[in-house]
Amino acid sequence: MDVVYTSDSCDSDSREQKIVDFGHANKRHLDDDLLEMCKTKKLSDDVETVLLNHNNLSTVPTSIVEFINLRVLDLSNNNLYSIPDAITQQCQLTTLIVKNNRLDNGSLPKSLRSAQGSGLRELNLSGNRFTHFPEQITELKTLKYLYLGGNQITNVSKDIWKLVNLQLLSLGGNLIAEIPDTVGLLNNLHALVLCDNQIEVLPSSIARLIHLKSLLLHKNRLKHLPREIITLKNLTELSLRDNPLVVRFVNDMTLNPPSLLELAGRAIKTSSVPFGPGELPRTLIEYLKTANCCVNPDCKGVFFDNHVEHIKFVDFCGKYRIPLMQYLCSSKCIETSADVHGEPSSSMMRKVLLG
């Protein structure tokens with residue numbers, strides 16, 4: 001075991017911080033060793049980091065709670081089946097790393113919120129056996145970094161929007177098929193890792209993540225991207241390899257003939273025929289208000305319920321071609337259509353991984 005002293009020069013009162021390092025000790029029982037250290041009150045008061053990674057631990061040492069100022073606890077690469085309530089309730093943890101263990105849906109405390117301290121800022125539960133997104137996590141409003149990759153998770157909580165300070169969300173290597181719209185409410189998100197899942201559609205709300213810099217989507221089932229993604233001006237890394245939209249050229253069109261109601265509505269809107277409450281029933285007036293403009297800037301047409309779905313490949317960086325879904329009023333618009341936003345500047349997206 002090592003006790004390491006480090007100087008934190010960033011603090012105004014520049015102090016020494018002690019790190020207790022039992023990493024790679026290959027000990028199944030560490031309680032006695034930790035309790036021996038706690039007999040020295042000053043030592044137990046000063047320790048802020050305890051490393052217990054790469055041991056054969058099947059349970060978390062109960063003596064951990066004796067380190068009253070503990071901030072960082074690394075329990076990775078053990079054989080843990082559960083995390084005791086005391087770890088989050090009695091300690092002042094800001095970082096908890098429990099990756100590569102045997103945790104499942106019933107392994108976490110009912111609440112991860114600490115009764116002391118400012119709360120968790122980093123939580124790493126990657127490489128475990130979760131099949132559901134742990135709902136307790138959504139209580140952690142102080143959380144900035146969340147790692148849940150390499151599990152068997154099939155869903156993402158709709159309450160994830162409550163993680164208002166989240167900057168990194170890592171969900172790669174799971175069984176997720178759908179991403180909830182509420183992900184778009186994570187206003188402080190900088191990195192979103194969704195690679196190696198079963199996602200077929202990405203919600204358009206992704207475009208609300210104005211601070212997003214990295215979006216990893218490789219190894220999914222995506223056939224197209226929402227065209228709103230082009231508005232992410234801070235995005236510098238987009239990974240799309242091993243998706244159908246990259247493996248093959250997608251040209252999916254819907255060519256159902258429009259109804260007589262739609263044809264009449266189109267004629268009224270494109271010809272700017274005046275109408276008022278005394279001339280048309282209220283239901284028709286409301287219907288006419290739902291008209292959508294064709295995204296082809298060379299077309300002045302509109303559509304209501306009937307449209308053509310078309311994959312438009314847009315140039316990024318003068319090198320990469322990104323498929324975006326666009327909606328046209330007619331199949332005649334396909335040959336002349338251009339993206340409504342135009343081609344983005346190279347500053348909008350500098351790194352696109354398609355290979």
Side-chain angles (χ1 to χ4, degrees), residues 158 177-185 198-209 215 217 220-232 238 240 243-316 320-344 348-349:
K158 292 182 178 179
E178 185 178 0
I179 302 298
D181 288 340
T182 49
V183 166
L185 297 175
Q198 300 175 7
I199 302 169
E200 296 184 7
V201 178
L202 204 62
S204 59
S205 62
I206 291 289
R208 300 177 190 168
L209 304 177
L215 178 57
L217 298 169
N220 274 287
R221 300 177 180 178
L222 292 167
K223 294 182 180 180
H224 61 79
L225 299 177
R227 63 186 180 88
E228 291 85 354
I229 198 175
I230 204 171
T231 64
L232 294 174
L238 174 64
L240 291 171
N243 275 284
L245 62 82
V246 175
V247 174
R248 65 179 183 270
F249 183 89
V250 181
N251 188 4
D252 184 15
M253 295 181 294
T254 303
L255 297 174
N256 295 324
S259 65
L260 291 176
L261 176 62
E262 172 131 0
L263 289 174
R266 290 188 182 196
I268 290 173
K269 296 295 287 186
T270 55
S271 301
S272 299
V273 176
F275 58 87
E279 299 169 300
L280 291 176
R282 181 179 58 84
T283 54
L284 289 181
I285 292 176
E286 292 299 319
Y287 176 77
L288 289 170
K289 290 180 180 179
T290 65
N292 299 284
C293 295
C294 181
V295 298
N296 181 2
D298 297 325
C299 175
K300 305 300 181 182
V302 299
F303 61 85
F304 294 87
D305 302 314
N306 185 276
H307 60 265
V308 174
E309 294 181 354
H310 179 243
I311 299 297
K312 174 70 176 180
F313 278 75
V314 180
D315 285 330
F316 283 82
Y320 299 106
R321 302 280 285 171
I322 306 300
L324 303 176
M325 176 66 79
Q326 61 180 4
Y327 300 98
L328 307 171
C329 67
S330 168
S331 58
K332 295 179 181 179
C333 291
I334 293 174
E335 298 300 326
T336 59
S337 67
D339 192 272
V340 67
H341 298 285
E343 293 185 359
M348 285 185 64
M349 201 166 288

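- Within the model, atoms CD of Gln198 and CZ of Arg221 stand 4.0 Å from one another, a figure rounded to the nearest 0.5 Å.
- For the side chain to side chain contact (heavy atoms under 4.5 Å, CB included) with Arg208, the qualifying choice from Leu232, Asp181, Leu185, Val183 is Leu185, the only one to do so.
- Ion pair Arg266/Glu262 flagged as a salt bridge, since at least one NZ, NE, NH1 or NH2 atom sits closer than 4.0 Å to an Asp/Glu carboxylate oxygen.
- The minimum heavy-atom distance linking Cys329 with Cys294 is given by the pair N-SG, 3.5 Å.
- Scanning both residues, Leu215 and Ile229, for their nearest heavy atoms gives CD2-CD1, 3.8 Å.
- To the nearest 0.5 angstrom, Ile285 atom CD1 is 12.5 Å from Thr290 atom OG1.
- Between Leu261 atom CG and Leu284 atom CG the span is 6.5 Å, to the nearest 0.5 Å.
- Using a distance-only test at 3.5 Å, with no hydrogens or angles considered, a donor-acceptor pair links the side chain of Asn243 to the main chain of Asn220.
- Put simply, CG on Asn292 and CG on Asn306 are 11.5 Å apart, with the number rounded to the nearest 0.5 Å.
- Expressed to the nearest 0.5 Å, how far NZ of Lys300 lies from NZ of Lys269 amounts to 15.0 Å.
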Could you go step by step and tell me if Ile206 and Leu225 meet the side-chain contact (heavy atoms from CB on, under 4.5 Å) rule?
-> CA-CA 10 Å; Ile206 291 289; Leu225 299 177; over 6 Å; no
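- The two residues Pro203 and Ile179 come nearest to each other via the heavy atoms CG-O, 3.6 Å.
- The two residues Pro244 and Leu222 make their nearest non-hydrogen contact at CD-O, 3.1 Å.
- Under a 3.5 Å cut-off, the side chain of Thr270 and the backbone N or O of Gly301 do not form any donor-acceptor pair.
- Interatomic distance, CD of Glu286 versus CG of Leu280, reported as 11.5 Å (0.5 Å rounding).
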